[in-house]
Number of protein chains: 2
Amino acid sequence: MQRTLSSMEYTVDEESIALISRALAHPVRVRILKLLAGETCCFTGELTGLIPMAQSTISQHLKALLDAGLIQGQIDPPKVKYCINADHWLLAQELFMGFFGQGAADGCDCD
Amino acid sequence: MQRTLSSMEYTVDEESIALISRALAHPVRVRILKLLAGETCCFTGELTGLIPMAQSTISQHLKALLDAGLIQGQIDPPKVKYCINADHWLLAQELFMGFFGQGAADGCDCD
DNA sequence: TTTGTTCATCGGCAATATACGATTAACCAA
DNA sequence: TTGGTTAATCGTATATTGCCGATGAACAAA
């Protein structure tokens with residue numbers, strides 16, 4: 001995410017929405033989240049069976065979701081369990097609700 | 001958005017969420033949407049006065065939002081009015097509500 | 001027609017994202 | 001200790017993104 005040289009400052013919410021959106025910006029990550037949200041839990045190994053991508057690639061996508069705080073992992077050697085990070089999930093939900101809930105209601109004379 | 005060689009197919013919703021998320025994945029675009037949604041009505045390229053970026057850069061960001069269907073433009077020579085695309089905005093809202101509304105409620109044995 | 005205004009698009013550069021195979025790290029079991 | 005299993009990380013190639021200045025297109029006004 002390249003930034004301009006000029007000092008452009010964003011609010012925490014703006015940054016948060018952008019950060020979470022980046023995590024959701026690839027359909028396979030949306031798919032993974034759906035799988036994790038549906039099932040109680042999941043191993044990485046099971047995902048490799050469900051998603052036709054290299055194991056390393058899936059691991060990268062999981063890392064992206066981890067970095068965004070949308071999921072969490074728990075080591076259960078030699079496997080790793082991944083699941084939705086409920087707290088952050090709720091925060092993200094509220095964040096997007098607030099964002100999409102704003103404006104666009106009072107019409108626009110472009111129509 | 002590079003795709004795997006293997007035939008990975010996604011649902012319409014998954015693709016839509018990824019597409020809209022890509023549009024929201026940069027804080028300046030979130031800011032622009034807030035500005036457009038916040039002001040009573042349409043906005044023009046006075047955005048260049050509010051955002052310390054080159055005019056061409058802002059135009060590119062507007063195009064990204066246009067392509068995602070989140071905003072719409074109306075030519076009013078020599079200016080262009082932009083505003084939230086209310087219809088698509090509502091669809092996006094419902095899409096994300098449905099997405100964030102799923103799962104994460106029935107707990108997870110990772111905790 | 002000429003000039004001025006506004007916005008989109010082009011070209012170029014640097015940074016990031018995505019994919020893969022290969023390797024490494026961690027751990028259990030024999 | 002040795003071997004097997006699982007997942008993260010490394011290295012690399014390619015595609016995309018983001019920024020800018022410069023140019024082009026469209027149109028109103030003089």
Side-chain angles (χ1 to χ4, degrees), chain A residues 1-8 10 14-15 18-32 35-36 41-68 71-83 110, chain B residues 1-10 14-15 18-32 35-36 42-68 71-83 110:
Chain A
M1 194 178 327
Q2 193 177 351
R3 294 297 168 73
T4 180
L5 300 178
S6 320
S7 55
M8 177 74 179
Y10 303 102
E14 285 164 352
E15 296 271 16
L19 195 120
I20 296 173
S21 293
R22 275 169 66 84
L24 300 179
H26 194 298
V28 81
R29 291 197 289 266
V30 177
R31 166 72 58 88
I32 290 174
L35 288 170
L36 293 186
C41 257
C42 205
F43 295 112
T44 302
E46 304 173 24
L47 289 175
T48 59
L50 298 173
I51 298 172
M53 285 181 169
Q55 176 264 326
S56 57
T57 303
I58 294 178
S59 188
Q60 279 185 334
H61 284 301
L62 285 170
K63 178 166 167 45
L65 293 173
L66 260 178
D67 291 344
I71 66 175
Q72 61 189 117
Q74 195 188 42
I75 300 176
D76 178 20
K79 303 189 177 185
V80 177
K81 274 182 180 178
Y82 281 106
C83 61
C110 283
Chain B
M1 196 177 328
Q2 193 177 351
R3 294 297 169 73
T4 181
L5 301 177
S6 319
S7 55
M8 176 74 181
E9 66 225 1
Y10 302 101
E14 284 165 353
E15 296 271 13
L19 195 120
I20 296 173
S21 292
R22 277 169 64 85
L24 300 179
H26 194 297
V28 81
R29 291 197 289 267
V30 177
R31 167 72 59 90
I32 290 174
L35 288 170
L36 293 183
C42 305
F43 225 73
T44 65
E46 315 158 46
L47 288 172
T48 57
L50 297 173
I51 298 173
M53 285 181 170
Q55 176 264 326
S56 58
T57 303
I58 294 178
S59 186
Q60 280 184 334
H61 284 301
L62 286 170
K63 178 166 166 47
L65 293 172
L66 261 178
D67 291 344
I71 66 175
Q72 62 190 120
Q74 194 189 43
I75 300 176
D76 178 19
K79 304 189 177 184
V80 177
K81 275 183 179 177
Y82 283 107
C83 62
C110 285

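In the set D:dT9, C:dT9, D:dC19, D:dC19 carries the atom at the smallest distance from any side-chain atom of B:His26.
For the residue pair A:Pro27 and B:Glu15, the shortest heavy atom distance occurs at CG-OE1, 4.2 Å. Taking every heavy atom of both residues into account, B:Leu36 and B:Tyr82 meet most closely at CD2-O, 3.7 Å.
In this structure, CZ of A:Arg29 is placed 8 Å from P of C:dA19, rounded to the nearest angstrom. Here C:dT6 presents its P atom at 14 Å from CD1 of B:Ile58, a figure rounded to the nearest Å. C:dA8 atom P lies 12 Å from atom CG of B:Asp67, rounded to whole Å. Here C:dA8 presents its P atom at 15 Å from NZ of B:Lys81, a figure rounded to the nearest Å. In this structure, A:Arg31 places its CZ atom 18 Å from C1' of C:dT18, rounding to the nearest Å. Rounding to whole angstrom units, OH of residue B:Tyr82 and P of C:dC7 are separated by 8 Å. Between the CE atom of A:Met53 and the C1' atom of C:dT18 there is a distance of 9 Å, rounded to whole Å. A:Leu47 has its CG atom 10 Å from the P atom of D:dA8, to the nearest Å.
Residues satisfying the side chain to side chain contact (heavy atoms under 4.5 Å, CB included) test with A:Leu50, not counting sequence neighbours, are A:Leu35.
Two residues, A:Gln60 and A:Lys79, neighbour DNA chain D, and the one matched to the more 5' nucleotide by heavy-atom proximity is A:Lys79.
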(message) How would you summarise protein contacts on nucleotides 21-30 of chain D per nucleotide, using B for base, S for sugar-phosphate only and - for none, with heavy-atom distances below 4.0 Å?
(response) BB----S---

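Separating the OG1 atom in B:Thr48 from the CE atom in B:Met53 is a distance of 12.5 Å, to the nearest 0.5 Å.
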(request) Could you give me the CA-CA distance, side-chain angles and deciding distance for A:Val80 and A:Gln74, then say whether side-chain contact (heavy atoms from CB on, under 4.5 Å) is met? (result) CA-CA 6 Å; A:Val80 177; A:Gln74 195 188 42; over 6 Å; no

(request) Apply side-chain contact (heavy atoms from CB on, under 4.5 Å) to B:Ile20 and B:Leu24, showing your working. (result) CA-CA 6 Å; B:Ile20 296 173; B:Leu24 300 179; 4.2 Å; yes

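Residue contacts shown for A:Thr44 are limited to sugar-phosphate atoms, with no base heavy atom under 4.0 Å away.
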Contacts under 3.5 angstrom, residues 57-64 of chain B side chains, donor-acceptor by atom type, not counting sequence neighbours:
{"from": "B:His61", "atom 1": "ND1", "to": "B:Arg29", "atom 2": "NH1", "distance (Å)": "3.0"}
{"from": "B:Lys63", "atom 1": "NZ", "to": "B:Asp67", "atom 2": "OD2", "distance (Å)": "3.4"}

